[in-house]
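So you know, we letter chains A, B, ... as the sequences are listed, proteins then strands, and number each from 1. If you're wondering where the values come from, they're calculated on a predicted model, not measured in any experiment.
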Number of protein chains: 2
Amino acid sequence: MAAAPGARCSQCGMHAFCSTAARAGGAGVELIAAKVRVRKGDDVVRAGAPFAALYAVRAGTCKSVLVTPDGQEQIVDCHIAGDIVGADGLAGGTHESTITALEDGEVCALPFDQLETLARANREFQRNLHALLAREIRREQRALLMLGTMRAEQRLAAFLLDLADRYAARGYSASEIVLRMTRDEIGQHLGMKLETVSRLFSRFDQEGLIRVHGRDVKLIDRGALKQLVQAGLH
Amino acid sequence: MAAAPGARCSQCGMHAFCSTAARAGGAGVELIAAKVRVRKGDDVVRAGAPFAALYAVRAGTCKSVLVTPDGQEQIVDCHIAGDIVGADGLAGGTHESTITALEDGEVCALPFDQLETLARANREFQRNLHALLAREIRREQRALLMLGTMRAEQRLAAFLLDLADRYAARGYSASEIVLRMTRDEIGQHLGMKLETVSRLFSRFDQEGLIRVHGRDVKLIDRGALKQLVQAGLH
DNA sequence: CGTAAGTTTGACTTACATCAAGTTTTGTGG
DNA sequence: CCACAAAACTTGATGTAAGTCAAACTTACG
């Protein structure tokens, strides 16, 4: 179950980890990552499950979902290949959100006690691990800013720009996005109804900001999108 | 600038840290916390400042604020005595949110490289540090759920219950709250306007859920408040 | 004690939700 | 590969929660 050695780690967000982990390996510890295939709709982790590992998304995309007592769902974040997920389970020992594959893909389970052992052995790896957790705090703070202060059109524009930037950072096209979420899921993520998402896509298309065909979205006028997010013009 | 030894650490959220830190101290490291007085309105950390330490709130309350490019403010969280703040700065090396005192108080600066050194030396302390970061992830995920799925009245009810619970966990009254935030600040935290906050306080008071006198709030019918949050009845 | 900051309440507006119908896409078994 | 059902999407008409504007009231503070 050990990961294939050197398997395209350079594109993986865990890269910094694994490379320092390899060096820290000299200290007598080695990271054993279990690579798992997931099919669309599979749960990577389920809310309430005991926490034991972080998961590196090797291929595909995932959503992490929190559910209210009355059944309403909030998509807390969506993850693309290279992201590390599941850190919320670390507090309290059980996962709080359910992480589900949005398409077929592959994840690596990284046993957390092994990560901690490596972090104790290697200062650089430790810092990377902490940065990983802090990055999640930061992403969520930004999401709060978005939900708390922006209007629907701004949130959707910000969402598209963020997604494009993240794909770009992983070497994919920065303007051609294939959404893996339904309109309903995008709505659950951005705090609006699917009809509103649909209407905004149509309007952005009409206004020449983007070009939409179902789940294929092409960013046409990034400048205008950015301005929309920032200025919040009516 | 070292903290007064044994200074009411039992009430401090850092307690688990310091106690294990003391034990880890046998490994030749000691935590030097700088205790600082803050006045109402003082910034504990400013957005953009280089990250060097976490801050334990020893007395008083703080808010952490994120600002949009166009000047809108989102109060990401508010912190009471016993909380540890400033973890968002760990990613990227600079603080992203500004943390401001809402009343006179006292904070301890905990140099992060010292915390990391202790974490490498002591497994239990390391786990506590990780749990601290994960708890923040969790709080923010819940806040996202709140902003993304709930209506204004539910958010305010949830806010009051959370605040009461947190005070209770620190040994204060679970039903008598003294708000340290203005209506405007509460609105900036919950994603609504100050007028809406005011109206909801008045309505909750009329309906007998709470008793409001300015910033003094007494929770009367916690059951009803909880039901309001969960059921979202119209 | 007076001014400024904060709060309340009312009248009106608006962004988004809801309800509803029709269209397109996706997936599956014959 | 096609047929057909289910799921996803679009668009319109209407409703409503919360925002905006405005004025009066209360509390905190120099």
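- Protein atom CG of A/L147 is 12 Å distant from nucleotide atom P of C/dC16, rounded to whole Å.
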* Between protein and nucleotides 5-14 of chain C, map the contacts as a letter string: B base, S sugar-phosphate only, - none, heavy atoms under 4.0 Å, written 5' to 3'. => -SSBBBB---

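- Here B/R166 pairs with B/D83, B/D162 under the salt bridge (charged side-chain N to carboxylate O under 4.0 Å, His left out) rule; sequence neighbours left out.
- By the salt bridge (charged side-chain N to carboxylate O under 4.0 Å, His left out) test, A/K226 is found to be paired with no residue, residues two or more places apart in sequence or in another chain being considered.
- Distance, A/D205 CG to D/dC9 C1': 14 Å, rounded to whole Å.
- Annotation: the terminal axes of the helix from C/dC1-D/dG30 to C/dG30-D/dC1 meet at 60°, where each axis is the rotation carrying the C1' atoms of four end pairs onto the next four (5 pairs per end, rounded to 10°).
- For residues 180-204 of chain B, the set of pairs meeting the ring-ring contact (aromatic ring centres under 6.0 Å, His included) definition, not counting sequence neighbours, comprises B/F159-B/H189.
- Listed by first then second residue, pairs satisfying salt bridge (charged side-chain N to carboxylate O under 4.0 Å, His left out) with a partner in residues 39-55 of chain B read B/R39-B/D104, B/D43-B/R46, not counting sequence neighbours.
- Contacts of B/E136 classified as salt bridge (charged side-chain N to carboxylate O under 4.0 Å, His left out), with partners at least two apart in sequence or in another chain: none.
- Shown here are the side chain to side chain contact (heavy atoms under 4.5 Å, CB included) partners of B/A164, two or more places apart in sequence or in another chain: B/I177, B/L219, B/R222.
- The distance between atom CZ of A/R203 and atom C1' of C/dC16, rounded to the nearest whole Å, is 12 Å.
- For A/P111, the side chain to side chain contact (heavy atoms under 4.5 Å, CB included) criterion is met by A/D113, A/Q114, not counting sequence neighbours.
- Under the rule for a ring pair (Phe, Tyr, Trp, His ring centres under 6.0 Å), the partners of A/F112 that lie at least two apart in sequence or sit in another chain are A/F51, B/H130.
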Distances for protein N or O near nucleotides 24-30 of chain D N or O, under 3.5 Å:
none

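- We find the CG-OG1 distance between A/L163 and A/T61 to be 9.0 Å, quoted to the nearest 0.5 Å.
- Contacts of A/R203 classified as salt bridge (charged side-chain N to carboxylate O under 4.0 Å, His left out), with partners at least two apart in sequence or in another chain: A/E153, A/E207.
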